[in-house]
Amino acid sequence: MANTPRNSRLETLLQHTGAAEFDAKTGNAPVSVPAVRASTVRFADLDALDRAQIAKARGERAVTYGRVGMATHAALEQIFCQLEGGQHCFLAPSGLAAITVALLSLLSSGDHLIVADCVYGPVRTLDQTLFRRMGIDVTYAKADPDTLAGLVRDNTRVIYVESPGSLLFEMLDLPALASFAHTRRLTLATDNTWGSGYIYRPLALGVDVSIIAGTKYVGGHSDLMLGAVVVNDAGLARRLYDTHYAMGYAVSADDAWLALRGVRTLPIRMREHARGALRVCEFLAHRPEVARIYHPAWPHDPGHALWQRDCTGSNGMLSFELKLDNGAARRFVNALRFFGIGYSWGGFESLVELVDTAAVSGHSYWTGAGHALVRLHVGLEAVDDLIADLAQALDHAA
Ligand SMILES: *Cc1c(COP(=O)(O)O)cnc(C)c1O
């Protein structure tokens with residue numbers, strides 16, 4: 001909206017960005033920008049087309065064809081820039097596709113990439129498939145500057161991290177990692193799906209590239225796949241622009257519209273998820289079966305001080321170790337009524353995942369050998385119902 005002051009708070013911007021333009025004849029407009037579906041775009045005259053081609057050659061958002069998307073996509077890009085405090089946004093058809101396009105923009109054959117050992121599991125398949133064939137070397141490591149100092153090589157180009165990390169929510173010191181990377185002329189990229197730009201803003205902490213799976217809290221309703229890459233630096237933006245174009249990524253207008261629909265309520269949803277998750281932590285802390293809770297907003301989490309320093313809120317994600325054998329842990333999960341068994345998170349509903357501990361055996365943060373690991377997404381149900389559900393399922397397991 002042209003008349004929204006730039007210094008408005010994020011909660012306000014999220015309600016006013018991407019409103020539909022007024023119709024010149026009627027002077028009216030729907031509040032919500034429609035899902036503008038287009039493959040083919042037509043021009044009033046050749047001068048209009050020329051202007052678009054010139055802008056495109058400069059790497060600006062100019063539409064000559066439907067692949068980059070029209071008003072719906074432009075509004076969503078603007079929202080992601082506001083969320084992340086960035087200048088340039090590139091949409092991708094999934095969060096993983098956003099990670100892939102970011103890394104392929106930054107790396108060439110012969111380069112070395114350092115990846116935090118706590119990253120989202122499927123990222124490791126990039127290494128085993130694409131990167132190996134492309135001659136890009138990958139090292140996984142605990143993402144702290146002391147450890148990384150011994151791993152940087154002459155051909156290292158990028159450090160790729162995720163904070164808090166997947167499954168165990170290990171908080172990383174992003175400002176320290178950014179200064180480490182920049183003194184060595186490396187690019188620091190992070191997965192910010194956990195924060196989704198609202199409760200954690202990596203670009204403001206010195207990170208160069210922030211990547212969000214819009215599939216999770218931005219969409220918020222478990223019904224779309226979408227990713228975004230956000231940067232400030234014009235040189236990085238140009239590399240992303242070219243690679244994104246070459247890879248032919250396109251996001252459906254309907255998915256962009258659903259993401260816009262979802263993101264309006266991101267702040268109130270996130271606060272409610274966070275409130276519920278803390279209540280669940282308090283409950284779990286009193287259960288004898290629970291050995292350890294992983295949730296950075298929980299005061300006993302080792303990442304709590306970093307979380308307090310760098311984040312402005314939390315969300316519904318937590319994991320906990322259970323002193324139960326696999327059979328009892330399976331009984332616990334099967335007995336839950338309100339927690340759907342499934343991957344993913346960020347929707348309105350509660351979810352549970354019995355984590356295969358092989359998935360965290362490569363995380364230096366994991367010390368729970370012998371325990372079962374359960375990840376919860378605390379949804380928007382009444383938290384007392386969720387706690388009662390967890391209590392009956394734990395009783396059932398024992
Ligand atoms: C889900 C997820 C992704 C991938 O997003 P998709 O849209 O499912 O491809 C990336 N990073 C994190 C941390 C995730 O949880």
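Remember, predicted model here, so these are calculated numbers, not experimental data. Just so you know, these numbers use all the heavy atoms, side chains as well, and skip hydrogens, waters and symmetry mates. First listed ligand is number 1; within each ligand, the first listed atom is number 1.
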K.L.:
When the ring centroid of Tyr217 is compared with that of Trp194, is the distance short of 6.0 Å?
P.N.:
no
K.L.:
Determine whether more than 12 heavy atoms belonging to other residues, nucleotides or ligands lie under 6.0 Å from atom OH of Tyr245.
P.N.:
no
K.L.:
Under a 4.0 Å heavy-atom cut-off, what residues line ligand 1?
P.N.:
Ser94, Gly95, Leu96, Ile99, Tyr120, Glu162, Ser166, Asp191, Thr193, Ala213, Thr215, Lys216, Met225, Trp345
K.L.:
Rounded at 0.5 Å granularity, tell me how far CG in Leu240 sits from CG in Leu106.
P.N.:
6.5 Å
K.L.:
Would you verify whether the NZ or CZ of Arg124 falls within 45 degrees of the ring axis of Tyr140 while also being under 6.0 Å from that six-membered ring's centre?
P.N.:
yes
K.L.:
Which of parallel (below 30°), tilted (30 to 60°) and perpendicular (above 60°) describes His244 and Phe90?
P.N.:
tilted
K.L.:
State whether Phe180 and Arg184 meet the cation-pi test: NZ (Lys) or CZ (Arg) under 6.0 Å from the six-membered ring centroid, and within 45° of the perpendicular axis.
P.N.:
yes
